[in-house]
4 protein chains.
Amino acid sequence: MILTVASFKGGVGKTTTAIHLAAYLSQKGKSVLVDGDLNRSAVDWAQRGEAPFDVVDESQLNDPSKYKYLVVDTPARPSDEDLIGLAASSDLLVIPSMCDAFSIVALIKTTNTLQGLPGDKFRILLTACPPYPSKEAGKAREALSEAGLPLFKTQISRLAAFQKSALEGVPVFAVKDARAQQAWKDYESLGKEVLKWQT
Amino acid sequence: MILTVASFKGGVGKTTTAIHLAAYLSQKGKSVLVDGDLNRSAVDWAQRGEAPFDVVDESQLNDPSKYKYLVVDTPARPSDEDLIGLAASSDLLVIPSMCDAFSIVALIKTTNTLQGLPGDKFRILLTACPPYPSKEAGKAREALSEAGLPLFKTQISRLAAFQKSALEGVPVFAVKDARAQQAWKDYESLGKEVLKWQT
Amino acid sequence: MILTVASFKGGVGKTTTAIHLAAYLSQKGKSVLVDGDLNRSAVDWAQRGEAPFDVVDESQLNDPSKYKYLVVDTPARPSDEDLIGLAASSDLLVIPSMCDAFSIVALIKTTNTLQGLPGDKFRILLTACPPYPSKEAGKAREALSEAGLPLFKTQISRLAAFQKSALEGVPVFAVKDARAQQAWKDYESLGKEVLKWQT
Amino acid sequence: MILTVASFKGGVGKTTTAIHLAAYLSQKGKSVLVDGDLNRSAVDWAQRGEAPFDVVDESQLNDPSKYKYLVVDTPARPSDEDLIGLAASSDLLVIPSMCDAFSIVALIKTTNTLQGLPGDKFRILLTACPPYPSKEAGKAREALSEAGLPLFKTQISRLAAFQKSALEGVPVFAVKDARAQQAWKDYESLGKEVLKWQT
DNA sequence: TGAGTTAGAATGGCACCACCCGTC
DNA sequence: GACGGGTGGTGCCATTCTAACTCA
């Protein structure tokens, strides 16, 4: 199964999402994270710590058949053609987005592009959602639904544990933080939703 | 005076910064915000509400000499050459960045590019800084200083008022929010720092 | 039907409750408010304004059979014997109580006395409940339930409209206040609960 | 110095006032709180937590001369003779009252009784005053002044911290609440006024 | 028609609770 | 694990402004 993580804007948790999806899926079968980002953020990350799955540069992926799950972290701002290509070569396209107004508006503007994608091959993931009682995530969800864009039910909270995860180069469940488990649950929930979608 | 706002990543408050810099400077002299972003976020924003300054598409700026201050919002992810060009044609390059680890690491990676820029023509602005007692901003500041990158002393807080500002298409000081004035003070302080730099 | 309003403490909205119960019941049948309080608060109140029902001193109630509903406002701090007498001569004993800790503790202390009362002849009414998001009313409700004391489902909010009602000598629905209708709904709900209990 | 706290109605913060007056005065000299209330609220309170002063039942006060300050919490609804007796045996009579209309009217009705008291031996304390922008306290103050009744300049705010204080059995300054210090300042101010009156 | 009155909406300020975060 | 500081949302209250209605 090939999961591609792509977004039109940077700084939305794309790499974090790719890493933690790979971490979750590696519990279910041999997994690899393919780093296609220009910044090589994921490779850097893996070098800082100890990843429970393989992390390879996209040019170094020799034998995809070794893996049950491939998670691909793509460069930011793909062109329309890029996106279509990514969708064609993937089973599911995960599009993370923050829930601030600018991000949502930008995302809705790309509705045409996205709806050109085949069937239900993509879903949007809200990331960095502020805690209760903020309504930002709810508003974003509503706006995207109205625009007809498919959403994951799961959303990722904005927690300092994710920062520590990035700094230390370990998945968030390995971070020493009071809310590390809560943070990990978000991605576990996402992982379950992905696997459920597959069926 | 030409101020250019550019960043290597999206979703860092680039448009918000451009808008509020223009809003501050429009108090000091006739100002225009030139929207060079592909998403035309700033133009959209101005259409939603009532901006106290002109907002034009970059192709529509006929007579720059009419204005005392030009604030240019650029596309995300400029290439190195783009950046050099932008720096050459501007008096100051403002580079907003969030203070999360990925953003800071990405920024430091571009140190070489940035230090190729002439003199003290650019400065980094930390945006969306989490409130006390978070140390994220402090850590980011330290890391950037060590990398030799120049920073604005001012930093922008992460406040819901900025979200409302984006949604309503008005500068943050016109938003009905308990912390609107506090939010505006951040950009006032930035504006003062910019003007002070000029001298 | 004879409704008696009694409480062990003063200042809990006893008179307000008696007045508004009478006001509600007067819509359903001829009603009288019998003022047994030493302060003659209800009589004073009726003199200040225009009550839609009769208000008489307890010594002046000549012909109870004229009325379908009698609401009796009793003196504060009845003795145990008083209370038993009141219960015996009434169909229902309404015991208003604020939800502060002292009031609730004092009320629970009287559990023995209350449970000596015949059957389900009394119910406690929480009054002056602070607005959301306070949990005071919820805590009080929980404590009283644990003590086995019966509660009205309805509770009365703490609203300035009740103050104006007292000052002007009119039922709260006749007060010029943005929340007057909301305040009246509380007592309407109580009235419905009382009538429902009767059946 | 003997301070007596008495009121004609219950639920007005009588026990809270007695407790916090004793707490303040215990900073200035050895103090005791004499619980004369039938509910023994103050004794209960002291049992729940840790009071920084002695709390005794009125029948157990053996050696008053041990104390510099005696604060006496009296039963609710004293008769006129009781009141005169209390005033005679005290240096100052503190009469707490809420500022709702019923309470104020009831208090003014007792003007005759009160004015029969010797000289300036008593003062009224407004308690549970609602926050800005309510005018309830101002109106109450005005009405009482017109009736010629002496008032403390200090008034006690209605704050959730006082509830927590009651529940936990500790003075309000020991409560974990954002406004605990503000609440305590009210009673500090009252204490100062009392001491100042003494001279 | 014009002016005074009155009802409704918008505004500012505060209290309260739930939550996040660094420190002890 | 508890604490203190901070933010976000909700609700109440008084004031102000606006809109509509009454009455001369």
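Throughout, a chain's letter reflects where its sequence line sits, starting with A, and its residues are numbered from 1. In this text the structure is predicted, and so the values were computed from the model without any measurement.
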Novice: Could you tell me the separation between the NZ atom of C:K164 and the C1' atom of F:dC12, rounded to a whole number of Å?
Specialist: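 Interatomic distance, NZ of C:K164 to C1' of F:dC12: 11 Å.
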Novice: Using the ring pair (Phe, Tyr, Trp, His ring centres under 6.0 Å) definition, which of the options B:F162, B:F152, B:Y24 pairs with B:Y187?
Specialist: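 Single pass found, and it is B:F162.
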Novice: Using whole Å, report how far CZ of C:R158 lies from C1' of F:dC12.
Specialist: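 Going from C:R158 (CZ) to F:dC12 (C1'), I get 9 Å.
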Novice: If you find the nucleotide of DNA chain E closest to C:K176 and the one closest to D:A161, which residue's nucleotide is nearer the 5' end?
Specialist: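 With C:K176 and D:A161 compared, the 5'-side residue is C:K176.
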Novice: With heavy-atom distances below 4.5 Å as the criterion, would you say the side chains of C:S145 and C:L151 are in contact?
Specialist: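 Answer yes - side chains close enough.
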Novice: Which nucleotide in the set E:dA15, F:dA14, F:dG8 lies at the smallest distance from any side-chain heavy atom of D:R179?
Specialist: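 Ranking E:dA15, F:dA14, F:dG8 by closest atom to the D:R179 side chain puts E:dA15 first.
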Novice: Answer yes or no: does a side-chain N or O of D:Q182 lie under 4.0 Å from OP1 or OP2 of E:dA15?
Specialist: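 Yes.
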Novice: Just jot down the side chain to side chain contact (heavy atoms under 4.5 Å, CB included) partners of A:A143, sequence neighbours excluded, or say none.
Specialist: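 In terms of side chain to side chain contact (heavy atoms under 4.5 Å, CB included), with neighbours along the sequence ignored, A:A143 is linked to A:I104, A:I108.
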Novice: Holding to salt bridge (charged side-chain N to carboxylate O under 4.0 Å, His left out), I want the full list of residues that pass it with A:D186, two or more places apart in sequence or in another chain.
Specialist: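 With sequence neighbours excluded, A:D186 shows a salt bridge (charged side-chain N to carboxylate O under 4.0 Å, His left out) to no residue whatsoever.
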Novice: Starting from P on F:dA2, measure out to CD on D:E168 and report it in whole angstrom.
Specialist: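 Taking CD of D:E168 and P of F:dA2, I get 13 Å after rounding.
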Novice: Short of 4.0 Å, heavy atom to strand atom, which residues of residues 130-144 of chain C count as contacting DNA chain E?
Specialist: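 Hits under 4.0 Å, by residue number: C:P133, C:S134, C:K135.
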Novice: What are the two closest non-hydrogen atoms of D:Q27 and D:W184, and how far apart are they?
Specialist: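 Nearest heavy atoms, D:Q27 then D:W184: NE2-CZ2, 3.8 Å.
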Novice: What is the distance, rounded to the nearest whole Å, between atom CG of B:D177 and atom C1' of F:dG8?
Specialist: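 For the pair B:D177 CG and F:dG8 C1', the rounded distance is 9 Å.
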Novice: Just the rounded figure in Å: distance from C1' of E:dC19 to CG of A:L159.
Specialist: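 Rounding to the nearest Å, CG of A:L159 and C1' of E:dC19 are 10 Å apart.
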Novice: Can you tell me the distance, in whole Å, between the CD1 atom of D:I156 and the P atom of E:dA15?
Specialist: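 Value for this atom pair: 15 Å.
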Novice: Any non-hydrogen side-chain atom of C:K139 less than 4.5 Å from a side-chain atom of C:C99?
Specialist: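 No, their side chains stay 4.5 Å or more apart.
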